[in-house]
Amino acid sequence: MTDLNQLELDLINAIGAAETAAEVEELRVAALGKSGTISGLLKGMGAMSPEERREKGPVINGLRDRVQSALGARKAELEAAELESRLQAERVDLSLPARPRRKGGVHPTMQVMEEMISLFADMGFAVAEGPDVEDDFHNFTALNFPPKHPAREMHDTFFLKPDPQTGERKVLRTHTSPVQVRTMMSQTPPIRIVAPGRTFRKDSDATHTPMFHQVEGLVIDKGVHMGHLKWTLETFVARFFELDGIQARFRPHHFPFTEPSAEMDIRCDRSGGTLKLNEGDDWMEILGCGMVHPNVLRACGLDPEEWQGFAFGMGVDRLAMLKYGIPDLRPMFDADVRWLAHYGFSPFAAPSSAGGLS
Ligand code: DAH
């Protein structure tokens, strides 16, 4: 029995001293494996006399049980320690500061577009979209451009190759106004939408780029008149430039899709090399607008006797330049990271109706 006590003591000590799960496994094989010491003792019981077996059996079985549970306990201990050290090693320190600001940023056009959407959203406008590649019907015909009328040429339209089957020539939309048509044809009034997006014209100089951005607006309801248009646009422009009010004039103009049509100017002072809004005797054109032409309503399936509306359209890039003091239009689309680092906005500066200049 002394041998067994010694064997148990040695095994328990060795198990306690094992440093890895592999060492524990080695000890298990040496004691309880096929040719392990304890397995040998258990096998030896077969050759014992019944009396001897009755005496030694429980001792050997007890030894096996204790060694087995010591092995299990040590293994669990080592596994827990290993998990703990892995957790320590793989810990992510969330308190690390964010990376310093990189060169990139949100493009002023996109920032201003979001600002506009947010201001109009506050006034109950939804956002509507249409395709960049338009057909003649949506871009011109439904908007009351007469067929073959020079107005179509005035837009410096990019025409696509004619369709081999139909001969139809699609266009890159020259304005966001076709979204008015799409909206009137797919929704039932009352309608209150703004349509932001890319527009294209064959034009390139200091103040024009072949691709630029517009936000279109459309309101269709019963009893809509110029007063609604005036309030909506004056309120928008004042909020956009963060002014208490705006000194505006509506100058008669011509657009085929509105009657009457107007351009909205705001009072400004350009003397002294800086631009001051709401001061001086100068006027700056801000946008085009008007009451939706009855022909447009009819082309979209609405009865002009029942529904009226107003519409407006403005250049986003130009208004971004004005608001944030960007002097030149062309670098806006050069994709130069230095320009973006200077004029771009942090992605965290979420545009809102309460933010921007201030
Ligand atoms: N589509 C016009 C343009 O690109 C802008 C415009 C003027 C839109 C008057 C309108 C409007 O909806 O009523 O020049």
Side-chain angles (χ1 to χ4, degrees), residues 109 113 116 120 125-132 134 136-146 149-158 171-185 191-203 207-221 224-234 236-237 248-265 284-297 299-300 302 304 307-319 329:
T109 294
M113 209 177 238
M116 290 175 172
F120 281 112
F125 284 72
V127 170
E129 286 182 310
D132 289 0
E134 260 302 359
D136 183 270
F137 174 77
H138 291 93
N139 198 80
F140 293 122
T141 306
L143 289 166
N144 198 34
F145 284 76
H149 191 273
R152 293 171 193 241
E153 304 309 317
M154 266 159 47
H155 270 202
D156 298 309
T157 313
F158 284 109
V171 300
L172 293 183
R173 65 176 175 192
T174 57
H175 50 179
T176 41
S177 305
V179 184
Q180 283 188 32
V181 177
R182 292 185 174 276
T183 307
M184 281 187 269
M185 293 183 83
I191 290 169
R192 226 181 293 163
I193 55 112
V194 281
R198 267 189 296 264
T199 47
F200 308 85
R201 286 183 203 181
K202 241 185 274 168
D203 208 353
T207 52
H208 297 89
T209 49
M211 188 281 304
F212 57 106
H213 300 81
Q214 289 187 338
V215 164
E216 185 82 14
L218 175 72
V219 171
I220 302 284
D221 209 332
V224 179
H225 52 72
M226 284 289 272
H228 297 126
L229 174 154
K230 191 165 175 284
W231 179 87
T232 304
L233 293 176
E234 285 179 353
F236 163 74
V237 173
R249 71 175 185 191
F250 289 81
R251 181 169 34 79
H253 198 76
H254 172 75
F255 299 106
F257 35 89
T258 41
E259 181 57 37
S261 305
E263 281 191 327
M264 179 182 178
D265 298 339
M284 184 174 56
E285 184 234 313
I286 285 278
L287 51 81
C289 57
M291 300 304 295
V292 180
H293 198 292
N295 287 350
V296 175
L297 292 169
C300 299
L302 297 177
W307 302 105
Q308 300 78 42
F310 65 85
F312 53 90
M314 57 191 132
V316 182
D317 316 292
R318 227 189 110 230
L319 285 171
L329 176 71

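Side chains included, hydrogens not; waters and symmetry mates left out as well; all remaining heavy atoms used. Indexing begins at 1, ligand by ligand and atom by atom, following the structure's order.
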Residue and atom name of the nearest protein heavy atom (relative to atom 13 (O) of ligand 1), distance in Å to one decimal: Ala311 O, 3.1 Å
Contact atoms of ligand 1, heavy-atom distance to Gln214 under 4.0 Å: 3 (C), 4 (O)
Contact with ligand 1 for His253, non-hydrogen, under 4.0 angstrom: no
Distance flag, aromatic centroids of Phe236 and Phe125, threshold under 6.0 Å: no
Min side-chain heavy-atom separation Pro196-Val316 under 4.5 Å: no
Numbered atoms of ligand 1 (with element) below 4.0 Å of Gln180, judged on heavy atoms: 12 (O)
Residue, atom name and distance, where the atom is the protein heavy atom closest to atom 12 (O) of ligand 1: Glu216 OE2, 2.5 Å
Under 3.5 Å: N/O of Phe312 near N/O of ligand 1: yes
Phe255, any N or O under 3.5 Å of ligand 1 N or O: no
Check: His175 ring centroid to Phe255 ring centroid under 6.0 Å: no
Result of checking Glu134, Glu216, Glu129 against Arg182 for salt bridge (Lys or Arg N to Asp or Glu O under 4.0 Å): Glu134
Parallel, tilted or perpendicular, as decided by the 30° and 60° cut-offs, for the rings of Phe257 and Phe145: tilted
For Ala299 against Ala142, the heavy-atom pair lying closest together: CB-O, 3.8 Å
Under 4.0 Å to a heavy atom of Gly290 - the qualifying atoms of ligand 1, by number: 13 (O)
Nearest-contact summary for atom 3 (C) of ligand 1 - protein heavy atom, Å: Arg201 NH2, 3.5 Å
Side-chain heavy atoms of Trp307 within contact of Ile191, under 4.5 Å: no
Per-residue contact class, Met314 against ligand 1 - non-hydrogen pairs under 4.0 Å: neither
For atom 5 (C) of ligand 1, the protein heavy atom that lies nearest, with its residue and separation: Gly313 CA, 4.1 Å
Glu285 side chain near Asp265 side chain, heavy-atom distance below 4.5 Å: yes
Atom of Val215, atom of Thr176 and distance for their closest heavy-atom approach: C-OG1, 4.1 Å
Contact (N/O only, under 3.5 Å) between Thr174 and ligand 1: no
Interatomic spacing from CZ in Phe310 to NE2 in His228 - rounded to 0.5 Å: 8.0 Å
Closest approach of any protein heavy atom to atom 2 (C) of ligand 1, naming residue and atom: Phe257 CZ, 3.8 Å
Under 4.0 Å to a heavy atom of Ser177 - the qualifying atoms of ligand 1, by number: 1 (N), 8 (C)
Atom indices of ligand 1, in the order listed, that fall short of 4.0 Å to a heavy atom of Thr258: 13 (O)
